[in-house]
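Shown next, in structure tokens, is the structure this report addresses.
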Amino acid sequence: MLTLYQFESCPFCWKVKALLHYAKIPYRIIEVNPMTSEELKPLGLKQVPVLVDDGEVIKESSVIVDYLNERYAKLPVTEDAAQWRTWVDQQLVFLLPPIIHKNFLTSWKTFGRVLRTSGFSPIKRCFVRLGGAVAMSRSAPKKAQARGISDAPAALQAAIRHWVDQGLAGRAFHGRDAPDLADLAVFAVLRATDGLVTIQLAEAASPGFAPWYAAMKTRTPSSASS
Ligand SMILES: N[C@@H](CCC(=O)N[C@@H](CS)C(=O)NCC(=O)O)C(=O)O
């Protein structure tokens with residue numbers, strides 16, 4: 001059985017999960033404490049996601065997605081989808097933290113939402129929520145500024161319009177009748193913020209977003225076992 005070390009709130013982890021779910025690949029989750037990463041210490045690693053497949057340890061979300069696709073999912077690999085995946089990794093993913101961790105209160109609410117499904121005990125959840133909100137509300141605005149993102153909500157809405165207009169271009173999915181690796185990558189990082197204001201912003205940015213997002217959700221039911 002595949003094992004995924006992850007944080008529930010991590011968009012890079014969702015890239016891996018979106019493919020696992022879409023391809024109905026069973027796996028189990030080890031939820032890593034984002035404050036200590038103690039669960040990763042035996043592997044000698046510091047960042048999630050990490051996939052362990054029959055003793056083989058694979059890190060870096062894009063490497064994991066390629067590994068899973070080559071070995072199990074076997075979705076078509078196209079140059080256009082590869083370009084969208086790069087766009088997700090280099091642009092889209094960085095627009096989310098300054099919105100969901102804009103200040104302490106927003107970050108506190110964000111952690112409250114994402115930790116609900118973490119499986120952590122109430123005490124651990126409270127500790128992670130507080131520590132996470134302090135750390136992320138300090139670092140996210142600074143990192144956004146360093147990347148030249150001055151108005152993250154407007155930048156996210158422009159990115160969503162770009163995806164709907166150029167990526168979907170009137171089709172149900174980028175992959176036409178069924179999602180491909182581009183659909184899964186764009187969906188995954190947004191799915192990491194499901195239920196938060198980012199999704200409302202995306203829905204308001206373009207009428208083409210909501211039907212695509214809903215269809216992606218329907219096609220990616222969890223394949224994780226507890
Ligand atoms: N390039 C990596 C980025 C992974 C990453 O930034 N993970 C974050 C969580 S979203 C992390 O583990 N942070 C903890 C740390 O850096 O100590 C990938 O695509 O897998």
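Whatever order the structure lists ligands and atoms in, that order sets their numbers, starting from 1. Predicted model only: the values in this text are computed from it and were never measured.
For the pair T110 (side chain) and I100 (backbone), a donor-acceptor distance under 3.5 Å is present.
The nearest heavy-atom contact from the protein to atom 12 (O) of ligand 1 is V48 N, 2.9 Å. The protein non-hydrogen atom at the shortest distance from atom 17 (O) of ligand 1 is K46 O, 3.7 Å. Of the protein's non-hydrogen atoms, S61 OG, 2.6 Å is the one closest to atom 19 (O) of ligand 1. For atom 1 (N) of ligand 1, the nearest non-hydrogen atom of the protein is E60 OE1, 3.0 Å. Ranking the protein heavy atoms by distance from atom 16 (O) of ligand 1 puts Q47 NE2, 3.0 Å first.
The minimum heavy-atom distance linking A178 with Y22 is given by the pair CB-OH, 3.7 Å. Here the shortest heavy-atom pairing between T36 and K41 reads O-NZ, 3.9 Å. H174 and A182 make their closest contact through ND1-CB, 3.6 Å (heavy atoms, listed as atom of the first residue, atom of the second, distance).
Set against the non-hydrogen atoms of P49, the atoms of ligand 1 under 4.0 Å away are 20 (O). The ligand atoms of ligand 1 that sit less than 4.0 angstrom from a heavy atom of C10 are 9 (C), 10 (S).
Taking a cutoff of 4.0 Å between a charged side-chain nitrogen and a carboxylate oxygen, R219 and D183 do not qualify as a salt bridge.
Using a 4.5 Å heavy-atom threshold, the side chains of P49 and L4 count as touching.
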